[in-house]
Amino acid sequence: MLSISSNTFPCFSSQLSVSPVSPLPCFSSLINTHRLGKVNAMAVDTVKSAPSKPNGYNHAALHSKVEQTAQKAGANPLVFDAKFLRHEANIPQQFIWPDHEKPSGNAPELKVPLIDLAGFLSGDPEATKEAAKLVGDACREHGFFLVANHGVGSKLLSDAHKYMDEFFELPLSEKQKAQRKLGESAGYASSFTGRFSSKLPWKETLSFRFTAEKDSAKIVRDYLLDRMGQDFSEFGNVYQSYCESMSTLSLRIMELLGLSLGVKKRSHFREFFQENDSIMRLNYYPPCQKPDATLGTGPHCDPTSLTILHQDQVGGLQVFVDNEWRSITPNSDAFVVNIGDTFMALSNGQFKSCLHRAVVNSTTTRKSLAFFLCPKSDKIVTPPEELVDESNPRVYPDFTWPTLLEFTQKHYRADMNTLDVFRNWLLQQQQPPPPAV
Ligand SMILES: C=C1C[C@]23C[C@H]1CC[C@H]2[C@]1(C)CCC[C@@](C)(C(=O)O)[C@H]1[C@@H]3C(=O)O
Ligand SMILES: O=C(O)CCC(=O)C(=O)O
Ligand SMILES: [Fe+2]
């Protein structure tokens with residue numbers, strides 16, 4: 001029988017009153033885990049949720065207390081070893097999501113537009129106009145669309161899936177050579193057992209940084225070789241090429257987004273992201289014997305700018321539209337593209353960063369490859385002036401991506417309210433201090 005006694009100290013309890021730059025360390029006592037040893041927890045909580053987005057999802061119940069769990073030297077952390085857990089009839093309590101967030105039955109399909117990029121990529125003006133219109137409609141409605149004839153080779157895609165399988169099938173100790181450290185966004189994580197102490201996602205992830213800057217030409221390859229050793233040279237080459245293709249594709253999509261928003265210079269957003277500093281993430285969802293009790297990835301809006309996702313044939317991605325969860329049917333010839341919070345801010349709120357999640361199943365491992373486009377660190381996230389006027393005043397204050405990234409890695413577990421909470425926090429920082437007494 002699983003027993004957990006979590007005794008977290010609310011380090012930060014008052015609303016919007018924390019500095020995300022210097023969290024106070026605060027330790028709680030042991031959490032006993034299902035034959036998995038013990039973990040010492042550090043609860044770094046944070047800012048509470050701002051008023052929810054008007055999409056009908058039950059935000060009220062989703063208070064955004066972040067519990068980030070740190071390992072204290074000498075303690076055995078909770079370990080998510082899918083080799084064993086995939087067969088367990090009873091899953092550890094930490095993976096059981098609250099009732100209002102549990103996946104419920106069948107999610108009807110969401111028909112998102114499939115945009116054929118062939119004409120646009122070859123410079124056909126009519127095809128470009130048509131693609132920009134479809135993209136614009138989808139982004140104003142929910143922010144999700146598919147792209148086909150995207151120019152990414154099928155061999156590169158199948159290699160990316162093949163090497164991903166090989167990596168995640170390695171023994172846990174091998175994968176842990178690339179262990180992700182607390183507060184960092186790169187590395188291997190078996191669930192987020194060292195980071196959160198409840199609502200754990202039923203997944204393993206491998207994340208790494210990609211930058212389009214010329215002097216970091218082999219950043220992905222070098223990282224993977226450095227962490228995993230020379231045997232990973234082909235793995236490194238494949239993911240270096242994959243990220244380069246994703247960066248190129250996302251810049252083309254940025255041009256379409258510029259056209260559909262009607263900005264004066266159609267290359268505005270393409271240029272903004274030219275030297276992007278992005279995150280590549282491999283999501284590996286093992287089977288789970290209690291798929292209705294847990295989630296592979298919890299409900300969230302991506303804090304990043306644009307996500308380009310390739311999901312395998314298993315299915316599990318769901319989007320919250322018109323008050324219900326809807327599924328996006330896998331299509332191996334297409335990428336799923338979605339707007340993230342940072343682009344929502346860049347479009348002055350016109351394009352939606354929509355709530356989504358990934359469910360798991362009891363029989364089949366599922367994989368998805370997510371490229372999260374992010375601006376270079378010094379770029380100010382501010383909408384072009386033509387998107388701001390008297391009837392469309394500024395919705396979000398200026399910020400830079402590293403500030404939002406740090407917010408999600410250290411202070412606020414990304415969910416459907418990240419952008420609102422972040423905006424309120426930024427606005428609060430800008431208030432003059434109260435007069436001295
Ligand atoms: C900047 C990021 C944080 C997350 C990875 C990228 C973009 C999406 C974020 C995430 C997927 C949103 C859901 C919660 C999260 C913790 C996860 O389940 O993976 C988020 C990622 C993260 O913080 O690691
Ligand atoms: O696996 C999926 O389909 C979605 C994953 C996701 O939303 C994410 O990694 O941000
Ligand atoms: Fe996502």
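Values reported hereafter were calculated over all heavy atoms of this structure, with side chains retained and with hydrogens, waters and symmetry mates removed. As the structure lists them, so they are numbered: ligands from 1, and atoms in each ligand from 1.
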The protein heavy atom nearest to atom 9 (O) of ligand 2 is N283 ND2, 3.1 Å

Where does the angle between the aromatic ring planes of F232 and F235 fall among parallel (under 30°), tilted (30 to 60°) and perpendicular (over 60°)?
-> perpendicular

Taking atom types as modelled, is there a side-chain donor on E234 or N237 under 3.5 Å from an acceptor on the other?
-> yes

Just jot down the salt bridge (Lys or Arg N to Asp or Glu O under 4.0 Å) partners of K175, sequence neighbours excluded, or say none.
-> E204

Sub-3.5 Å donor-acceptor pair from the side chain of S247 to the main-chain atoms of C243, do we have one?
-> no

Answer yes when D292 and K102 have at least one side-chain N-carboxylate O distance shorter than 4.0 Å, and no when they do not.
-> no

Is the closest side-chain donor-acceptor distance between T382 and D398 under 3.5 Å?
-> yes

So, D302 and H356: side-chain donor and acceptor under 3.5 Å apart, yes or no?
-> yes

Where's the contact between D415 and ligand 1, heavy-atom distance under 4.0 Å: side chain, backbone, both or neither?
-> neither

Protein residue, atom and distance nearest to atom 3 (C) of ligand 1, heavy-atom basis = Q409 NE2, 3.6 Å

Indicate whether any N or O donor in one side chain lies under 3.5 Å from an N or O acceptor in the other, for S353 and D341.
-> yes

Considering only heavy atoms, does R195 approach ligand 1 within less than 4.0 Å through its side chain, its backbone, both, or neither?
-> side chain

Going by the atom numbers of ligand 1, which of them fall below 4.0 Å from some non-hydrogen atom of A414?
-> 12 (C), 13 (C), 14 (C)

Which residue holds the protein heavy atom closest to atom 10 (C) of ligand 1, what is that atom called, and what is the gap in Å?
-> H300 CD2, 4.3 Å

What protein heavy atom sits nearest atom 1 (C) of ligand 1, and how far off is it?
-> L405 CD1, 3.7 Å

Between the side chains of K203 and T297, does any donor sit under 3.5 Å from an acceptor?
-> yes

Are any of the N or O atoms of S368 closer than 3.5 Å to those of ligand 2?
-> yes

Do we get R281 above F371's six-membered ring, with its NZ or CZ under 6.0 Å from the centre and within 45° of the axis?
-> no

Would you please say whether a donor-acceptor pair under 3.5 Å links the side chains of S327 and Q318?
-> no

So is H300 close enough to ligand 2, meaning a heavy atom under 4.0 angstrom away?
-> yes

Within the 6.0 Å centroid threshold, strictly below: Y412 and W425 | no

Identify, by atom number and element, the atoms of ligand 2 in contact range of F372, meaning under 4.0 Å from any of its heavy atoms.
-> 8 (C), 9 (O), 10 (O)

Using a 4.0 Å heavy-atom threshold (strictly under), name the region of T307 that reaches ligand 2: side chain, backbone, both or neither.
-> neither

Ligand 2 and D302, any nitrogen or oxygen pair closer than 3.5 angstrom?
-> yes

For ligand 2, which atoms sit closer than 4.0 Å to a heavy atom of L309?
-> 3 (O)

Distance under 6.0 Å and angle within 45° of the ring axis: does R252 meet both against F120?
-> yes

Backbone, side chain, both or neither: what part of V336 comes under 4.0 angstrom of ligand 2, heavy atoms only?
-> neither

So for H356 against ligand 2, with non-hydrogen atoms under 4.0 Å, the contacting part is side chain

Over 12 foreign heavy atoms within 6.0 Å of NZ, K155 | no

Would you call K199-E101 a salt bridge at under 4.0 Å N-O?
-> yes

Are any of the side-chain nitrogens in D420 or R423 under 4.0 Å away from the carboxylate oxygens of its partner?
-> yes

Go around the Fe ion (ligand 3) and count every protein N, O or S atom nearer than 2.8 Å.
-> 3

Write out the residue and atom name of the closest protein heavy atom to atom 8 (C) of ligand 1, then the distance separating them to 0.1 Å.
-> P303 CD, 3.7 Å

Report the part of R366 in contact with ligand 2, treating N, CA, C, O as backbone and CB onward as side chain, heavy atoms under 4.0 Å; options are side chain, backbone, both, neither.
-> side chain

Which ligand 1 atoms does F192 reach within 4.0 Å, using its non-hydrogen atoms?
-> 16 (C), 17 (C), 18 (O), 19 (O)

Can you list the atoms of ligand 1 that are under 4.0 Å from a heavy atom of R180?
-> 24 (O)

N/O separation below 3.5 Å, R281 to ligand 1 | yes

Answer side chain, backbone, both or neither: which part of R413 comes under 4.0 Å from ligand 1, heavy atoms only.
-> neither

Under 4.0 Å from a heavy atom of K203: give me the atoms of ligand 1 that qualify, with their elements.
-> 17 (C), 18 (O), 19 (O)

Beyond-backbone contact of Y188 with F167, side-chain heavy atoms, under 4.5 angstrom | yes

